[in-house]
Amino acid sequence: MQSVSVASLESNILLRILSNSFQTLDSIKDRISHIFADFFSSKPFHIHLIRTRYGYMDDTKTSSIRNQCELSENDNRRKPSDGDKGDCSVAVFNVLDAMLKDTLDRLKTMRQSISWDHIGSKRCAFETKYNRDVTIIRALCLEGKLGVALSLWHMMIQRSVIPDIITHNYLIKGFCKSGELDKAEWLVGEMLIKGPSPNCATYNTLIKGYCLLNNIDRALNLFSTMTNSGITPNRITCNIIVHALCKKGLVEDARKLLEKILGDTHLKDTSNLITSTILMDASFKNGDINQAFTYWEEIFHRSLPVDAVAYNVVIHGFCLSRDIVIAYKYVCEMLKIGFHPDIFSYNILIGTLCKEGWIDEACYIYTVMSKMGVFPDQITYKMIIQGLCFHGNVMKAYEFLCDMLDDSILPEPLIWNVIIDGYGRCGNMQKALSIRDQMIAVGVLPNTFTYNALIHAQIKCGNIFEAHSLKKEMLLSGPFPDLVTYNLLMGAACNLGYINSVLQLYDEMIRGGYYPDIITCTELIKCYCIQGKLEQAEDLLVKLQTLSLQVDHVPYRILMKKYCKMRELDKAFEIYQKWLVRNS
DNA sequence: GCCTCATCGA
């Protein structure tokens, strides 16, 4: 059945191509006949047209067309004047006829090659379709187009064709990555019913899916399920679980569990580079450098083949403990034993240098990596641009943004936003707005952070009206304002003494379903102080203390200042004592 | 062939 449907489909396509060819031929010839009407009014030409149009069913007829064409060609050559036009049109017809003949030949060959009852060709067609379908499913899964992938899976199942285990694992991985664990589990259920039976990789994928969702209990549960179903967990299963526990900071639990698993499952290799790397990374991140170093030495002691990832973990580990000199030492060691520092190694160094404020050094590493043939990525640029903006060098940050565009890397919104914010902070409103426009022009949509940066900039420049217009724009066409948007506007209104505006904004914010934070409440306390409603201000402060909000010194200072201004020093001291109690 | 480790984050 497979080969029959493929054959008829291909044959239909060819017939359609052929039919289109005739239509095209007709239209070309009609046009030519119109242009060269003077030269093509003779009877043989019309016969030629008629034959060309209808005489296409067999080779005899095609050859008659060819003969006719040659005849007309000869006829035209005999024309006494304007021979060029005649030659040209004949040549066109010759080409068109050759195309027609070629199409007919291809159809004939195709039909001959299709043997309707040949079993070998049936199998071949079936395999071709099967391979095509599973390849498409896998590709769709990698692209995250799971709905279409699953539809194709359904279509195969309906034809009683079962995709292989690997294709099923691709689908499960896709669902796990998109957090649709219910669908992933359903598919495993289908595999248990229809086949193929889930293998170790299937369970590993599912276990990792649950670990990514932080559901380690279910992951461990699946670990038992696979063991009970007779599938022995492998080293990868262990590493997935160890990694998940380490990410939660439970290094010791991970190690104990690993020992237990290794004891129970009799895994031959008692040590493994990836397991050691995971444990070493977690120890560094927990601040336990000694333990991390023990894992590192163990790798060499057991003669495990070390890789670039392990080196990057060590480099990052020492960067975390702000020991950049030792980190550099390991970069050199890495080079010495033949591993080239990769994008991770360079990004780790650049990130650390930027955090430490050594921006020039970070920029130097940026030039080194490019010379070493490692090209900066979105993360490299993000760290350098953020570092430069944070240290006030927005101009240079913008140059890096231009470099990104030159390198055809589309900067993500965060990068545009830190530059907009950078220009806003130094009061360059015009540049901030022009960067926003450029961002839109290259196809990156402004988000809430973009608007907040612009609102902040407008407020800083004293353009409170423009700041409000931006918020209106957000409400009308999105992105929606957030708590920061309201806090910025409330703060500005409060500083200008526009009490009604503060209260209006607060009201709008509450109606919008936002929960006020410590900044909102501080602005309200400031507002009550300006109005002289000190009782309300103190009530709010008491309320703040009962809530689990992180209250800083600012609201206390505002109230103290107000009482001092009113020369009510006893009250001011009372507030000061409250603050001391709070901080004791 | 499918499943394991490392960098960034207003």
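We name chains A, B, ... by the order of the sequence lines, and we start the count at 1 in each one.
Across all strands, Val313(A) comes closer than 4.0 Å only to sugar-phosphate atoms, never to a base (heavy-atom distances). Residue Asp377(A) is out of contact with every strand shown, counting any heavy-atom pair closer than 4.0 Å. Contact annotation for Gln378(A): no contact, since no heavy-atom pair falls under 4.0 Å across all strands. Backbone-only engagement by Tyr170(A) is indicated by non-hydrogen atom pairs under 4.0 Å involving sugar-phosphate atoms exclusively. Looking at heavy-atom distances under 4.0 Å, Ile348(A) makes contact with sugar-phosphate atoms alone, never a base. Among the heavy atoms of the strands lying under 4.0 Å from Lys208(A) are primed sugar atoms or P, OP1, OP2 only; no base atom is included. Base engagement by Asn199(A) is indicated by at least one non-hydrogen atom pair under 4.0 Å involving a base atom. Residue contacts for Asp342(A): at a heavy-atom cut-off of 4.0 Å it reaches a base atom on one of the strands shown. Across all strands shown, Asn417(A) has heavy atoms under 4.0 Å from base atoms, whether or not it also approaches the sugar-phosphate.
Around the NZ atom of Lys256(A), the shell of radius 6.0 Å holds no more than 12 heavy atoms that belong to other residues, nucleotides or ligands. Around NE2 of His154(A), the count of heavy atoms belonging to other residues, nucleotides or ligands within 6.0 Å exceeds 12. Counting heavy atoms of neighbouring residues, nucleotides and ligands inside a 6.0 Å radius, atom OH of Tyr328(A) exceeds 12 of them.
The side-chain heavy atoms of Tyr451(A) and Thr485(A), taken from C-beta on, include no pair separated by under 4.5 Å.
In this structure, Lys329(A) fails the cation-pi test against Phe318(A), since its NZ or CZ atom is not both closer than 6.0 Å to the six-membered ring centre and inside 45 degrees of the ring normal.
Bounding nucleotides for the chain A contact on DNA chain B, 5' to 3', at a heavy-atom distance below 4.0 Å, are dG1(B) to dA10(B).
Under the 4.0 Å criterion applied to side-chain N and carboxylate O atoms, Glu466(A) and Lys471(A) are not assigned as salt-bridge partners.
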